[in-house]
Each structure stands twice: as C-alpha cells, then as structure tokens.
2 protein chains.
Amino acid sequence: MIALFSHVKKESKINGLIMSFIFWLMLSEVPVARGVWPLPQKISQFAERYPLNPGAFAFLYANNSQAQPGCSVLDIAFKRYFSLTFPGYSGGKERRGGRLAENNSSGGYTYALVVMVQEGDCDGYPNAESEEKYSLSVSAGCGLLVAKTVWGALRGLESFSQLVYQDEHNTFFANKTEIEDFPRFLHRGILLDTSRHFLPVQTILKTLDAMSYSKLNVFHWHIVDDPSFPYQSRSFPHLSNQGAFHPSTHVYTQADVRRVIAHARLHGIRVLPEFDTPGHTQSWGKGQPNLLTPCYHGGKPDGTSGPVNAAAASSYQFMTRLLKEIHSVFPDSYIHLGGDEVDFSCWKSNPDVRMFMSKMGFGSDFTKLEAFYMESLINITASLNKTSIVWQEVFDYHEKPKVMSVVEVWRGGCYLCEMRKVTRAGLRAILASPWYLDQPGPTHDWSRYYNVRPLAFTGSEQQKQLVIGGEVCMWGEYVDATNLASMLWPRASAAAERLWSDEEQTSSVSDAFPRLAKFRCRLLRRGVQAGPLSVGHCRQEYQDV
Amino acid sequence: MIALFSHVKKESKINGLIMSFIFWLMLSEVPVARGVWPLPQKISQFAERYPLNPGAFAFLYANNSQAQPGCSVLDIAFKRYFSLTFPGYSGGKERRGGRLAENNSSGGYTYALVVMVQEGDCDGYPNAESEEKYSLSVSAGCGLLVAKTVWGALRGLESFSQLVYQDEHNTFFANKTEIEDFPRFLHRGILLDTSRHFLPVQTILKTLDAMSYSKLNVFHWHIVDDPSFPYQSRSFPHLSNQGAFHPSTHVYTQADVRRVIAHARLHGIRVLPEFDTPGHTQSWGKGQPNLLTPCYHGGKPDGTSGPVNAAAASSYQFMTRLLKEIHSVFPDSYIHLGGDEVDFSCWKSNPDVRMFMSKMGFGSDFTKLEAFYMESLINITASLNKTSIVWQEVFDYHEKPKVMSVVEVWRGGCYLCEMRKVTRAGLRAILASPWYLDQPGPTHDWSRYYNVRPLAFTGSEQQKQLVIGGEVCMWGEYVDATNLASMLWPRASAAAERLWSDEEQTSSVSDAFPRLAKFRCRLLRRGVQAGPLSVGHCRQEYQDV
C-alpha cells in the first residue's frame, strides 16, 4: 500500500475517490511490517511515511526532560543511535543532543526525535527494579519519546532505530507510528562462560551491543569455573596467576572489568557476576592451595581435589574476603553464588569433612553440608547488602528455602514443575532450562527458543509474579570468540522476544519468522555476525574482512 | 627434551656425559610434536633446532630447478608463505624468490629454503592427475624442498610453514626434519553451496586459502540450485537476472569466477563446477521459461514447475549451449552434472512427458527417463572433452553404468556398500556421505569425520584404486558467510587428514587431538575463524574486529 501511495502521488492523476482512499490509508492503521523486535506491547503503524535526511536529523532533549545535555547515558546513546538508525551514512556531521529550544530556532534540522525523561538519573546503574517502559510517537516533522528513566529511553531509541528503513533508492523513511511499550519480565539475561574458553573483552563488548538490540538487560558473567580462573582479583592475585589459561593474556584485569561494566551501563545492561562454588572450582585450587577438599583413596590423600572444603573455617574466611571484593568491584545489587552440580564423593572420602558432618549432626547427608555452605555464603552476601542468586540445586537441597532470594532453574526435564515449586516456596525464579543455546542440536531451531512459555505452570497469580525473567545460557565447552555471535544471534533474540513481549501477541512462529529474518538482516548490517535462520538472503550480507 | 637442551647450553655447564647425550639427542629421532597437519606419509623430526631470523630468511629456486624466478605460482607462494611462516613479523623486507647462486653470494640471508621443481609448468592449472608428492629436508643453514610439480612444491611449502614455531621469547625455530610425502587420494574436496545462501567472493577466497592449509585440492562449486541462480551466464543472462536473490549484488560475474579460478590455481586447487540438473532447478525456471516441466493437476497445468523437461528437445539444446559455456569458463577437465533427488511426480503428471515415455518405450519407469536425460548430458560433456561426475542416484538408476565416469556417493546408510557397487561396476568413486558438515548434530564431533575409513568395503585392490577421494559437503540451508568458517574448520581438516595421510598412522583419535588442537590455533593465527574443538585456549585467540 505504501508503494501504491507513492506511485499514485508521483503520477499526479488522482481523482477525488482515490484521494479519499489515500487519506483513509494515511490515517488508518495498516498491516505494514512491524519492524520492531522484540514486538512492543502496543504498536500502531500507518501508511503515512516521512523521509528522513540524516544530515538534517537530530535527537533532542525535550525542554521539560529531567535529562539534558551532559547526561552521559543519553548523550552517548544519541551518537550511537544516529549511526544505528542511518547505517552507511557518511555525509556531514550528525546533529544530536541539543536542547529543544536552542536547536529549534537555529538547528536547521528537518526531523527531530525529542526525548523526554521524567527522572534524570544519568550517572547511576540500571538495577533489578529499573523501569524500562517508554512511549514513542513518530509523526510528521518530529517524533516524541517519553520514558520515566534513561533506561526506558534507551529501549525507545532502539525501537525508533528499528522503525527506520531504506527504500530502493536508499532514502531513509519512518512510518507514522505509535508505540506503548514495557517489558513482560524485568530480568532478561545472557550468560557467557569465560572459563571454558577465554572471551576477549572486545567480544564481550560486542555481545553487550547486540544484547541491547534485542532489549536484553542482564549480562550474567559466569566468569570462572573448573578450566580457568581469568578474573584478576585484587585480594588474591594468585587465583588468576595460577588458575588462568595464561596469567597476562587470558585474564580480565580490574580495568577490563570496569570497562565491561561501564559499557554495559551505557546500554542499560546490568552485570551480574557469578563466582560459582563449592563445585566447579578446580581452577581456584591452583592459586589458593588449601581451599579445595583433598580427596582420599585407601585412607590417604590421592592428590586430587574436590569442591571447596566446606568443613574448614579458612574456606569461609576466604569466601568472605572474596565476596567483599566482588561486592566492591561489581555495582549490581545481585551476586550469583552458583551452587550447582556438587559432586559429594570427595567430601565423603575426606575424614575431616566426615568429622565436621558428625559434629554438625548432618549424619551422612551431604546435601546438608552443601546447604550449610550455601547458606553461609547467602548470609555473607546479605551482610554486604547484596541479593544472591543460586542455581536450582541449592533450593532442591535446602530445607529452609526462606534464606534464599532468587533461584535460577536450569535443569532439563520438567522445568515448569521446578518453577512451580520455587515460586510456591515464595522465592523469585529465573528460567534458563529451555534456553541452553550451546547445546548440540539442530542449529536452526530458533522456534524451540521462541515457543517457551515461562508461566505455563499451575500456580497462583502471586506465584507467576515471582517469575522475574529468564536467561539464555551460552556455556563455553564448544564456544569461543570464533562462533559465539553466530550461535547466539538471532536465536537469543527469539528468547528475548519471549521475555519482553506479550505472549498472546507473539504465539505464532510463522508470524514471527519474517520479522525475525528481517531483524537478523539488521543485525548483519550492524556488524553482528548473526547466523542464518534458513534459506534466503539479506540485502547486505555479512562481509569477511 | 628441547627445553632441557637449550637450558643446559645456556648454562654452559656441560660435562662430557651430558654432551654425548645431547649429541645423541641431536642425531636421534625424538618424539617432538609432529607439527604438520595432515600428517605426512613419512616424517622424522630431531631435537636439533635452528633459529630462523625472518629478516635473513629466503625462499630460493635451486639452480637445477625447472621453475625459476618468473614462475607465477611459486613467486607468489614464496611471498605468501613468508607471511604464513613468520606470522606477526613486520621487520624489514623479506627476501625471496631469487636464484640460488645469485643470492648465495650477495643475499645476506642466514637461512634459505631451496626449492627444486622437476617440471616447470608454472602457468597451467592443477588437474585430476597432478602429482603432489614432495620431499622436504630441514637442516642447518638451509632446507631443501624437492617436488616434481609446482603443485607438489606448494604442499611442501605448506608443510615447511607448519614446522616453524615460536618459543616463549617469540624467536622462530624449525627443528631438523626429514619429510617424504604424497597424498593418499588425488581428489580431496570441499563442496560449497552458493545457492541456498549467497557467499561473497571474499568468503570463497578465504575458504580457498584455508583449504590449502589442510592440503585440500578441489573446490566443488555447487553454484546454483533451487533457491537461487547466482552464476551470471554469458549465454543466458536472464538466468541470474531473474533467478539470483538479487541480479547485481548476489551474483558471480564472469570476472568473479575468473578471480576464484585464478586464486584457486595459485593454491593448487581445482575448481569443479556443478550445474545440478534435472532436479534442483527451480531458480533456473525464472529466467528460462520453457526449461522446466509444467506440473499438471486435474488435467490442467497447475502453475508449478518440476525438474528440467527431459521430454523436450529444447531442453537438450539449452543444456548443450550452457555446457559449452561452462566448458569454456571453467578450465578444469571435470564438470559435475548433479542428477540427485529428482522428484518424478511432476513428470508423471505431465501428458507430454508421458507421451515421450511411451514413444521411447520407457513404460512408466521414470528412472529410465532420468537415465536418458543424464546420459545425454554425459555425452554432451564428453564431446567437449570433459569428464563428468554425477551424484549416486544416476548410477543407481542406470542400467548401463559404463557411460559414466565418476560417481559421488552421498547418501546415508551403508555408504560403503555403495562404494563397493560403484567400483565393482568399474567406475571411479568419490565419497561424501560421512562428511556432511552442515548437518545438525553435536557440533564438536570432529572425530566422527576423522574416523571414516573410505576403503573399508569388501572389494579387490583394483576396486580400491577406483576410489579417487572424498569431499566435505557444506550445504547452505543454515550456512552463510557468518558461520561458514567456524563450521568448516577445523572439522574439514579432520577429513583432510583422512584423505591425505596414511590410515594406519592416523587411526588414533587421541593421538590426533593435540595435533589438531595445535593446528586449529595455527588457523586462528592465520585469520581463519576456526571453531573450538573442546575446552582450552590458544596462545593467540581469535580477535573480533
């Protein structure tokens, strides 16, 4: 219909009837391609469209906006979104970030997106309660983006950038559009594992960029694990000196971590650090000799090590110091404490651990020892005013769920049963099970990640409200910087729409497919090496350099 | 042992006994890491090693070499292998490509690899019979590479480049080494599908580079298929104008094709074009309206098309003209005619086809029609002095196998049974079935491709000799430039070793693993985005740009 309209206009042979029809078209909502991924909660698009000249386009702060020029998050976002909105544009200098009044008279722009933020917290970090709702109206001459917070404004800028497209002559256009939008879930994350393979900082930063295109807002940094300990600790430098793949080339320095956190903040993304204990800690033992449990065989230590020694006071002292450091390095109010897949055989073999078990009255139930250990860590974390997240085993093993706050459900099988149990115990839940994107399997099956229904368990409305979101997990056994992007994108975007958008409006895989295919082409255009969904092409293919 | 040696030497505290031991070490073959992938037929490596100063290193033509400066293939290879042998070196100008005598007196180099080629065909193309054997000797002061052909010399240069490594101070070294090498199979290919997704020329060129690192020598270009026709034909420009995803951005021009062929030649790689008919031709129909069979439903054409109309004389005229063009564009003496997966239902529905069947006495056996069609194409190809390759169905359906030359076995199930049948009929065979690398499945399973035994069927020695090689197939449903490299490498290298090396010497997956892991790191260093094999790291990780 858009094509028809412009054609007819060019010919200038319009009788009254056609004119009325076109007028109706312009004001009516028409089924034009909904260009925004994930789908906004409410979007109306019209056939009327506006050519956008990048050289005469400006992002402007509204006069009554609490954020004004100097607001770091938005000043930088305006610059970034100028490039993202007008890819390939290399004409004169972009106009951006001025005050509305100032520019209105002298700016010389022909189109402005005016941004109004109700709370001007430009220097803080996004947090677990940050509001991301926004409204966006694109009309003749200007658009208006209204958000309570700068984080919501970032989401709106992303949507705006996705509304802009090029016609066959490469002219940029945006259609008349009204959007009211907010996320379905507050917690929409991606887990990266930097222990099984080291991911260069640049790779992490590019992943954060791509996350923001899908409105994902939590980078769950599974930073250390059995194979390597790349986190360069201030308090315990030996951990990475001995435990990293390489003590200088395969580590995250404090400056690296700050860079990741700062970059994430500018994209409205929280950095949730995970230091997984007491299992998954083989690499810790190299730089912290008495931390792990010595395993026994035939009455003697056999030279191997098990999980963190939960029977030794020194382990708790060490973890307290480390958690204090984590608390000070990572600004987010959540810390992920891990707690998954603890193998009890080494604890069982060790006489000191058995003696501790007996003293504590745990009998031979090693889940009690794990629960004791995790509870101690949760308490230390709470004393630092941080909220802890744990993997589901900690909930499964624990008789007193009330000490926990947030449980992440990751195991296969009936994960919805687990969601029901966790929320029935009054705990908040994050769903990860169906979104293990690293798993071998049909590489193309994005619909598997799309069709997840996180709330499809039997439970009260209150229980449902305890589901705070979900996470895509990209474990590192067979993933590194060479294939991370093509494995993540656009499949993680499928999960992202599930976590952001209204489930009823996004229940059809066949409706979603063309939108996702288009979104994937947009990702390529933005330099994200997103893998193909099925046979087809993009106007601009990914180019090897 | 190498480490011990250099340590002791540095300390200069060597008594006679240690000296004798070291002398023994230097002359003895020691189990140093065999750095060459695929494993040479015969390799002896010694502890004695030579520091190589890139600034004082030269590739030189031997005085008695038939190839001399001006030999395009080797002149360019010397330049290329200088960079590949000394990655990261950016000091002065490299020395290369001179005549031995000239440089010996005035060159000022401290190490030379002297290359002696017995046949000086520097301007030809590699072909199906090209000899690739070479011998390589690395000793103090110089190395000697002897090969019958320039193609063999290229393989030897690749091996030499893989012998060079850096110590912790980044000094380059090569150990004393003796190699006698030749390929087990003459045909070692990779199929790329440029129809389901368009692969930019740059991506193809980079794949050719990487192929040469694994000594693969056939690029099977499955250039067109149902989804798109990117080949820009001189005789039939409408085929790509109508049938490509885009008529100017998603096509291979004649210049592109020449570029690919020239690049392949310089790497000792043949370009084997496949124009698959009569099935897999939906895209052909767009630009060549009467080529495909109109399908009938309820006695009338239903608007859809089936395979090439094998009952129409015009189809044969068209194919003759197209094959003549292919003959002139692609210098290789082989053409792949396809012939796989022909769906007979459309032919069955069409009254003209049925009338032709009856006239030819084919009854209702449509395999006879396919055989008739393919035999015609084989004959046309033969009249152009080209050898044809067909997919296995053509053999399966054909009562007179003698008209065929080479059959490519691709179906699952008992592919060795098919290899037995094909060779028992006296035909040459290429094995592809176990090397479908695009298939969904555990992404990490390189050993699956390594463990293939192409000759493990019951048959005579003569039959075994008819197996000319194998091909890795990378179909394009879920593969494009974003993930091609990480899906191909290093898994195709596992197949490459199976096709090049002695099977008995390379029967152990656990022996191969550390060598392949090392080779994969070398690929990363060379800019190939090779995927990870399992948990671990490379000294230099892949860096996002």
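Throughout, a chain's letter reflects where its sequence line sits, starting with A, and its residues are numbered from 1. Quick note: numbers below take in every heavy atom, side chains included, and nothing from hydrogens, waters or symmetry partners.
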For the student: nearest non-hydrogen atoms of B/Phe245 and A/Val535, plus distance: CZ-CG1, 4.5 Å

Interatomic spacing from NE2 in A/His197 to NE2 in B/His537 - rounded to 0.5 Å: 10.0 Å

From B/Gln543 atom CD to A/Gln202 atom CD, the distance as rounded to the nearest 0.5 Å: 8.0 Å

Most chain A-contacting option - heavy-atom pairs closer than 4.5 Å, from B/Thr482, B/Leu484, B/Leu205: B/Thr482

Proximity breakdown for B/Ser486 and chain A, heavy-atom pairs closer than 4.5 Å: side chain

Side-chain H-bond candidate by donor/acceptor type, A/Glu541 with B/His250, under 3.5 Å: yes

Part of B/Ala485 lying under 4.5 Å from any heavy atom of chain A: neither

A/Arg259 atom CZ: more than 12 heavy-atom contacts under 6.0 Å: no

Top contributor to chain B contacts, counting heavy-atom pairs under 4.5 Å, from A/Asp480, A/Val479, A/Thr203: A/Asp480

Pairs of heavy atoms under 4.5 Å with chain B: top-ranked of A/Ser195, A/Gly536, A/Cys538, A/Ala530: A/Gly536

Among the listed options B/Pro200, B/Gly476, B/Pro227, B/Gly527, the residue most often paired with chain A at heavy-atom distances under 4.5 Å: B/Pro200

Proximal component of B/Leu199, with respect to chain A [non-hydrogen, under 4.5 Å]: neither

